[in-house]
Structure formats: structure tokens, C-alpha cells
Number of protein chains: 2
Amino acid sequence: MNRIEVLKVVAHPVRIAILEKLSDGVKCVSDLEEFLEITQPNISQHLTALRHAGLIDFFIDGRLRCYFLKNPLIPDLLQILKKDYSEDLPGPECCPVTKKGTYPGERRR
Amino acid sequence: MNRIEVLKVVAHPVRIAILEKLSDGVKCVSDLEEFLEITQPNISQHLTALRHAGLIDFFIDGRLRCYFLKNPLIPDLLQILKKDYSEDLPGPECCPVTKKGTYPGERRR
DNA sequence: TAATAATATAATAATATTTGCATATATGAA
DNA sequence: TTCATATATGCAAATATTATTATATTATTA
């Protein structure tokens, strides 16, 4: 699955919450039910979406499905989402207000 | 803007392409028109979305609007999206196939 | 083997996102 | 001024995502 599909599937509050929980270790669906305030079928749908994107997988233990993180991009992604960025990026040198630098492209009329 | 909204706005092929282009430096809308194969109003719409999410900003130079990256999360995000992860995360210890470890939650009946 | 627990699937309704198109605004040039 | 260029905005149509509800599947227990 390509990176845009991955971002799309991660960009949902419930799915982020699931991925964060799975970062702590294996969880079965009923573990997730305990702290997510949505219906069980909805949890299953989100798990299916995450699995189809290759982000998680599961093994079967009796009637439990034990889900775990699979895609190594996820821990990195979750980490930068938590990271605290206090400063904006430095503005460009060519700002017409400061009169510094030149705009790096061809001008039209 | 919260991190989920940020992910949502980044998770679109055109907007990723714009952000990557802006990583190289300031670009005005007509620069973007040259390599994006979509209409000008549509580009403007995506730029507006990115700006409302606090990811980019612009300065005005005559009738050009020169856009640049503003949110420091973006370079980090683009970098991990490009990063090559060849291996999946190691599977859990409690896999019933390997018979190692135990499932770390309460069992139900 | 019948009942129950754990989980998934299907269908639909509600909602949000995306694009396309027409038009508006603002600046600089003639 | 008037015109052209650069860019934005508004709105409707098309499309995609999400949640809900009902039902199905599978494995365990009684």
C-alpha cells in the first residue's frame, strides 16, 4: 500500500487511538472495546481498514483475534505526531516586506 | 490545528505534491500550475486547505502569491514517508503458532 | 449438540471531501 | 482608464468515508 493510502487510513481519531494502544502490545478486539466508546462492529471495520493498509495484523487465539502492529512506519509516525514543535519554520529570505533575497522563479507579466 | 486534522489534510496526492515542491523553496501558484495537472481553481482550493491547517503561508509580491512551508512537522513527515522500511515489525512473542509467551490481557469465556 | 461469546460482514443512511465550472478580485501594464 | 494576468471564491455535482443496525460466522462451553 502506498504512503498516501497509509496516511489516509491513519488520519482518523479512532484508528490513531487503536494504533497507539497496539504500540503497547497485542490487543484483542474486546480489549479495544473497553476504552473506545464506539460499537463493536465499528471497531471491526476500523481494524479491517488498518489491516488492508498493511499497518496491523492478527493471530487467532481461540475465538479471540489478537491484533498487533506490523508496519514499521507507524511507530515513527506516532512519535513525530507527539513531538512538540514550538517554532514555525524560518520564513523565506525573499520576503518583499523585509526586501531580502529574490524570488527563485521566472516572473510573468 | 490538531495533529489528526494535519494528517487528514496531508493525506491527499495533490497536497503532498505541493508540500514536497514547497520543501525546495518558495513557489507561486503559477509555478505549481506548471507541474500539477489540475485546474488553477483546484490548486487554490488545496492551497487554502493547507493554509487553514497552518501548514503553509504566503507573502504577496505584486499579483503573485508566494507560498512557503510554515509548519515544522511537515519536513519530518515527508522524510519518514520517503524512508525505506524493508522489514516488518517483529511479531508478538505470544503467537500461538510458535507457542511462545502468553496473551497479555484478561480472557473472557 | 445447543447455547453463548467474540468477532466480522453487509446494507444503508448520514456526512464529508473533492472536483468542476463560473465568476470575482486585485494588481500591473498599455 | 481599460485590459490582461494571477489568483481566489462560491456553489453544485460527484464521490468517498463513516456510523448504525441487523445478521452471520466461528469457536468454546455446557
Side-chain angles (χ1 to χ4, degrees), chain A residues 1-2 4-18 21-22 26-53 55-68 96-97 103 105-109, chain B residues 1-2 4-18 21-22 26-53 55-68 94 96-97 103-109:
Chain A
M1 183 82 61
N2 80 71
I4 291 169
E5 295 305 310
V6 167
L7 277 190
K8 239 167 57 179
V9 83
V10 174
H12 185 288
V14 167
R15 291 191 295 259
I16 292 241
I18 290 173
K21 203 71 178 179
L22 294 186
V26 184
K27 294 283 173 289
C28 71
V29 179
S30 28
D31 293 331
L32 299 173
E33 274 185 79
E34 281 174 19
F35 82 102
L36 294 173
E37 308 204 315
I38 62 175
T39 61
Q40 175 273 314
N42 199 3
I43 294 177
S44 268
Q45 285 167 342
H46 287 303
L47 288 170
T48 298
L50 290 167
R51 194 160 54 83
H52 285 159
L55 305 189
I56 65 177
D57 201 357
F58 64 85
F59 58 76
I60 291 176
D61 180 0
R63 42 194 175 181
L64 304 179
R65 286 202 181 192
C66 306
Y67 282 89
F68 55 90
V97 174
Y103 176 74
E106 287 292 304
R107 300 300 172 76
R108 283 145 207 84
R109 8 209 63 256
Chain B
M1 183 81 62
N2 79 72
I4 291 169
E5 295 305 309
V6 167
L7 278 190
K8 239 164 85 165
V9 85
V10 174
H12 185 287
V14 168
R15 292 192 294 260
I16 290 244
I18 291 174
K21 203 70 176 178
L22 295 185
V26 184
K27 294 283 171 288
C28 71
V29 180
S30 28
D31 293 331
L32 299 174
E33 273 184 81
E34 281 174 19
F35 82 102
L36 294 173
E37 310 204 315
I38 61 175
T39 61
Q40 175 274 315
N42 199 2
I43 294 177
S44 270
Q45 286 165 343
H46 287 302
L47 288 170
T48 298
L50 290 167
R51 194 160 53 82
H52 284 158
L55 304 189
I56 65 177
D57 202 357
F58 64 87
F59 57 75
I60 292 176
D61 180 0
R63 33 189 183 186
L64 305 180
R65 286 203 180 190
C66 307
Y67 281 89
F68 55 89
C94 46
V97 174
Y103 176 75
E106 287 291 305
R107 301 302 173 75
R108 282 149 206 82
R109 13 210 62 254

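Order of the sequence lines sets the chain letters (A, B, ...), proteins ahead of strands, with each chain counted from 1. As a basis for the values below, the full set of heavy atoms in this structure was taken, side chains included, without hydrogen atoms, waters or symmetry mates. Small disclaimer: the values here were computed from a predicted structure and weren't measured.
Rounded to an integer number of Å, the gap from B/L64 CG to D/dT5 C1' is 10 Å. Summarising the geometry, the separation between CD on A/E37 and P on D/dT20 is reported as 12 Å, rounded to the nearest angstrom. One can place CD of A/E33 at 7 Å from P of C/dT7, the figure rounded to the nearest angstrom. In this structure, A/L47 places its CG atom 13 Å from P of D/dA19, rounding to the nearest Å. Rounded to an integer number of Å, the gap from CD1 of B/I18 to P of C/dT18 is 12 Å. Separating the CD1 atom of B/I60 from the P atom of C/dT27 is a distance of 7 Å, rounded to the nearest angstrom. One interatomic measurement links the two molecules: CZ of A/R63 to C1' of D/dA24, which rounds to 16 Å at whole-angstrom precision. Distance CD1 (B/I43) to C1' (C/dT18): 15 Å, rounded to an integer number of Å.
Annotation: the span from A/R65 atom CZ to A/S30 atom OG amounts to 12.5 Å, rounded to 0.5 Å.
Scanning all heavy atoms of the two residues, the minimum distance from B/A17 to B/L36 falls at CB-CD2, 3.9 Å. Considering every non-hydrogen atom in both B/L55 and B/V10, the closest pair reads CD1-CG2, 3.7 Å. Pairing each heavy atom of B/I4 with each of A/P13, the nearest pair is CD1-CA, 3.4 Å. Taking every heavy atom of both residues into account, B/R15 and B/K8 meet most closely at NH2-O, 3.8 Å. Minimum heavy-atom separation, A/A53 to A/V9: CB-CG1, 3.7 Å. Among all heavy-atom pairs drawn from B/H46 and B/I38, the shortest one is CD2-CD1, 4.0 Å.
For C/dC21, the OP1/OP2 oxygens have no side-chain nitrogen or oxygen of B/T39 closer than 4.0 Å. In this model, the phosphate group of D/dT17 is not approached by any side-chain N or O of A/H46 to a distance below 4.0 Å at OP1 or OP2. The phosphate of D/dA6 has neither OP1 nor OP2 within less than 4.0 Å of any side-chain N or O from B/Y67.
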With Watson-Crick and G-U wobble geometry limited to distances under 3.5 Å, how should the secondary structure of DNA chain D be encoded in dot-bracket form, using | for bases paired to another strand and [ ] for crossing pairs? ||||||||||||||||||||||||||||||

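In terms of the ring pair (Phe, Tyr, Trp, His ring centres under 6.0 Å) criterion, residue partners of A/F58 (sequence neighbours excluded) are, by chain and number, A/Y67.
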What is the per-nucleotide protein-contact pattern of nucleotides 9-17 of chain C, from the 5' end, where B denotes a base atom under 4.0 Å from a protein heavy atom, S denotes such proximity for sugar-phosphate atoms only, and - denotes neither? BBB-----S

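With no hydrogens or angles considered, a side-chain donor-acceptor pair links B/S44 and B/Q40 at under 3.5 Å.
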